[in-house]
Every structure is written in C-alpha cells, then in structure tokens.
Amino acid sequence: MSTGAAPDRLHREVLEWYAVSARDLPWRRPEATPWGIFVSEVMLQQTPVVRVEPVWRIWLERWPSPADLAAEAPGEAVRAWGRLGYPRRALRLHAAAVAMTERHGGTVPPTEAELLTLPGVGTYTAAAVATFAFGERTTVVDTNVRRVLTRVVSGAEYPAPSPTRAELTVAAGLVPADPARARTWSVAVMELGAIVCTARVPHCTRCPVADLCAWQLAGRPAHQGPARRGQAWEGTDRQLRGALMAVLRESSEPVPRTTLEALSDNEIQRERCLDSLVADGLVEPLPGEQFRLPASREAS
DNA sequence: TACCCGTGGTC
DNA sequence: TGACCAAGGGT
C-alpha cells in the first residue's frame with residue numbers, strides 16, 4: 001500500500017480546511033486543561049459530540065481537577081455520567097483520577113506511555129491526550145482517521161474490522177514531522193471524518209481532498225465483502241443492565257430488590273445482569289436486599 | 001481474536 | 001422502520 005500521491009498537498013488541503021471548518025468545542029479551546037481534555041476523550045469513546053458536550057461542561061465545573069473527582073464516591077461519577085452509555089467508563093474515569101492523585105501528584109501524566117497505564121485508557125486515548133493536551137508527536141488513530149485514510153489512500157469505502165499493520169504504518173507515515181503541525185493534522189483528519197467523510201453518506205462535494213481521494217477517483221465503489229455485524233439490542237443483557245442502572249441513577253436512596261425485579265420477567269437474566277453489575281463495581285449490594293450506586297472505593 | 005459493554009440519532 | 005453508527009477499552 002502506498003501513501004498516495006502528494007502528501008504535502010494532502011496536508012495543506014486538510015489543514016486549511018480545518019482552519020475554517022472546525023467546530024468550536026470547549027475541549028479544543030486554549031483554556032482547556034489536560035484534565036478537561038482527558039475527560040473529553042473518555043466521554044467521546046463511542047459517544048457522539050453532541051451528547052458529550054453538556055455533560056462535559058457540568059462535569060468540569062463540578063470536578064475541575066483529578067483530585068476533586070478522586071475525593072468523590074465512584075457512584076457519584078456514575079450518576080453524573082447520566083445517559084452517555086457504557087457507564088463502566090465513568091468508573092474507570094474515577095479510577096484514573098484516583099491514580100493521577102496517588103501516583104502523579106494530582107496531574108494528568110504527560111506521556112503516551114504513562115497514560116496507557118491508566119484505567120480506561122487504551123491505544124487511541126493515550127495517543128489523543130498525549131497529542132492534544134501535551135503536544136507529543138505521536139500517531140492518533142480512531143474510527144474517523146481509519147475511514148478517511150482508507151478512502152483517500154486505499155480507495156475502499158470502509159476499513160477492515162480491526163486496524164491492520166499496514167493501516168497503522170500509513171497513518172504513522174502521514175504524521176507531519178513538526179509536533180505542532182502533527183497535533184493539528186491529527187485533530188483535522190478526525191474532524192474531516194466526523195463531519196465530511198462520514199460513514200453512511202459522505203459529503204464528497206464539500207471535501208477538500210476529493211480530487212486526490214483514491215476512493216473518489218475510482219468512482220466510489222461500494223463496499224466489498226461481508227457486512228459488519230450489527231449490534232443486537234432488544235432483549236439483551238446490555239438493555240436490561242441499562243434499565244437497572246437508570247433506576248439506580250435516579251434514586252438517591254437504596255433501591256429494594258423488588259423494584260429492580262419489576263424491570264424484567266426473565267429471572268435468570270435479571271440475576272445474571274444484577275450480578276454482573278455488582279461484579280463490575282457499578283452496583284453495591286447492601287444488607288436487606290437493597291442496592292445502590294457504589295459509595296465505597298474498590299471496583300474493578 | 002472475538003465478544004461484551006449503553007444510548008440515542010439518522011436515513 | 002429498523003439497521004447502522006458514534007473520538008474504544010477490557011478480557
């Protein structure tokens with residue numbers, strides 16, 4: 001796989017487009033702190049910007065530093081997480097704040113390697129925070145970057161189910177040498193994927209690099225190969241776990257088991273979900289068949 | 001590796 | 001209308 005023609009032009013066009021087209025998001029502003037950027041990256045995992053922004057604002061106002069969050073019960077983080085989904089992320093974000101407070105002097109560690117050791121921080125998030133908060137020159141690859149580079153460079157509509165070695169090599173090879181330029185490049189490619197080179201209906205007429213996009217030049221051929229497996233929902237454990245968590249989030253008092261049992265007729269599934277929530281540290285069982293969000297520290 | 005983990009909007 | 005998708009991580 002080649003990196004396509006004229007990377008210099010690719011850089012220039014994308015960066016110029018970003019300069020005039022970027023959304024004004026609070027975690028991108030100069031006054032955003034590393035902690036604010038860290039929180040945004042965790043919230044944005046599999047969750048759209050429009051849903052994250054209001055929760056992020058409230059979160060940062062309430063807990064402006066890692067130590068502020070670390071001083072709270074993990075259940076408060078889960079409650080403030082609201083309906084962002086995947087509430088284990090809230091628990092991990094709290095655990096990360098505890099780790100920052102205990103091991104990093106209450107600050108967000110500035111290197112990709114250190115970030116990677118924190119709960120809830122994987123390859124993408126470590127690279128994103130190292131780059132966006134600290135200016136480290138590294139390779140940021142998320143679903144947007146993968147889709148944009150697959151189209152522009154490889155000429156296919158969609159990337160493979162998981163990143164290939166070749167894909168990561170291409171992405172790394174396109175990162176500008178200058179750290180400041182590299183940082184803007186990463187956020188710009190992500191932004192292009194988020195608002196122009198979208199998954200379902202790409203807006204190629206508004207794309208700054210349509211004239212050098214391999215997929216566009218090939219006539220936008222349809223996706224070959226098997227359809228990606230969808231996400232089943234109705235009747236799944238995820239649905240019931242979500243319903244159980246919603247009840248517990250809304251209640252400031254412990255919830256009796258009978259209230260939770262009313263959410264499903266399937267006793268086997270009910271018990272499995274409640275047990276798994278307790279095992280995950282999202283729910284704390286109390287004496288007398290009652291449950292609440294976790295007030296104590298332990299969890300995962 | 002493949003699967004599990006929430007929630008809501010879009011076409 | 002429902003299948004697909006969204007700045008992934010953990011196991």
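Given the structure is predicted, the values throughout are model-derived calculations rather than measurements.
Residue A/I195 contributes atom CD1, which lies 15 Å from atom C1' of C/dA6 at whole-angstrom precision. Between the CG atom of A/L282 and the C1' atom of B/dC4 there is a distance of 14 Å, rounded to whole Å. When rounded to the nearest whole Å, the span between CG of A/L84 and P of C/dC5 equals 22 Å. One atom, CG of A/N144, and another, P of C/dA6, lie 7 Å apart when rounded to the nearest Å. Between A/R241 atom CZ and B/dT7 atom C1' there is a gap of 14 Å when expressed in whole angstrom units. In this structure, A/L44 atom CG and B/dG6 atom P are separated by 18 Å, rounded to whole Å. In this structure, A/L115 places its CG atom 17 Å from P of C/dG8, rounding to the nearest Å. As rounded to whole Å, 14 Å separates atom C1' of B/dC5 from atom CD of A/Q269.
Salt bridge present: A/R29 and A/D24 bring a charged side-chain N and a carboxylate O closer than 4.0 Å.
When the nucleotides C/dA7, B/dC4, B/dC11 are ranked by their closest atom to the side chain of A/V201, B/dC11 comes out on top. Residue A/R147 places its side chain closer to C/dA6 than to any other of C/dA6, C/dG8, B/dT10. Closest approach to the A/T125 side chain among B/dT10, C/dG8, B/dC4 is made by C/dG8 (side chain taken as heavy atoms from C-beta onward). Of the candidates B/dT7, C/dG10, C/dA7, the closest approach to any side-chain atom of A/R249 belongs to B/dT7. Of the listed nucleotides (C/dG9, B/dG6, B/dC11), B/dG6 has the atom at the smallest distance from the side chain of A/Q46. Each of B/dC5, B/dT7, C/dC4 was ranked by its minimum atom distance to the side chain of A/W233; first place goes to B/dT7. Taking only side-chain atoms of A/A199, from C-beta outward, the nucleotide of C/dC5, B/dG6, C/dG8 with the closest atom is C/dC5. For A/R200, the side-chain atoms get nearest to C/dC4 when compared with the rest of C/dA7, B/dG6, C/dC4. If you check B/dG8, C/dA7, C/dG8 against the side chain of A/M190, the one that comes closest is C/dA7.
Within a 6.0 Å radius of CG in A/D211, more than 12 heavy atoms belonging to other residues, nucleotides or ligands are found.
A donor-acceptor pair under 3.5 Å is absent between the side-chain atoms of A/R51 and the main chain of A/L44, judged by distance alone. In this structure, A/D68 contributes its side chain and A/S65 its backbone to a donor-acceptor pair below 3.5 Å. Using modelled atom types, one side-chain atom of A/T150 and one backbone atom of A/R146 make a donor-acceptor pair closer than 3.5 Å.
C/dA7 and B/dC4 have their P atoms separated by 23 Å, with the value rounded to a whole Å. Spacing between B/dG8 and C/dG9 at atom P, rounded to whole Å, works out to 23 Å. Distance check on atom P: C/dC4 versus B/dC3 gives 16 Å, rounded to whole Å.
Residue contacts for A/P161: at a heavy-atom cut-off of 4.0 Å it reaches no nucleic acid atom on any strand shown. Residue-level contact check: A/L25 touches the bases, meaning some heavy atom is under 4.0 Å from a base atom. Within the 4.0 angstrom heavy-atom criterion, only backbone atoms of the sugar-phosphate kind lie near A/G122; the bases stay farther away. Residue A/W27 is in base contact, counting any heavy-atom pair closer than 4.0 Å across all strands shown. Counting non-hydrogen atoms under 4.0 angstrom, A/R272 reaches nothing in the nucleic acid. Counting any heavy atom pair closer than 4.0 Å across all strands shown, A/T143 reaches sugar-phosphate atoms only and no base atom. Within the 4.0 angstrom heavy-atom criterion, no nucleotide atom of any strand lies near A/S40.
A donor N or O paired with an acceptor N or O is found under 3.5 Å between the base of B/dT7 and the side-chain atoms of A/R51. A/T47 contributes a side-chain N or O that forms a donor-acceptor pair with the base of B/dG6 under 3.5 Å.
Nearer to the 5' terminus of DNA chain B, by closest-nucleotide assignment, is the contact made by A/S162 (compared with the other of A/S162 and A/G242). Position along DNA chain C of the nearest nucleotide to A/V121 versus A/Y158 favours A/Y158 as the more 5'-ward residue. Taking the nucleotide of DNA chain C with the nearest heavy atom to each of A/L118 and A/V49, the more 5' of the two is matched to A/V49.
Within the 4.0 Å cut-off from OP1 or OP2 of C/dG10, not a single side-chain nitrogen or oxygen of A/R88 is found.
Residues A/E191 and A/S21 bring no donor and acceptor atom of their side chains to less than 3.5 Å of each other.
A/W59 and A/W63 have perpendicular rings, their planes meeting at more than 60° on a 0 to 90° scale where under 30° would count as parallel.
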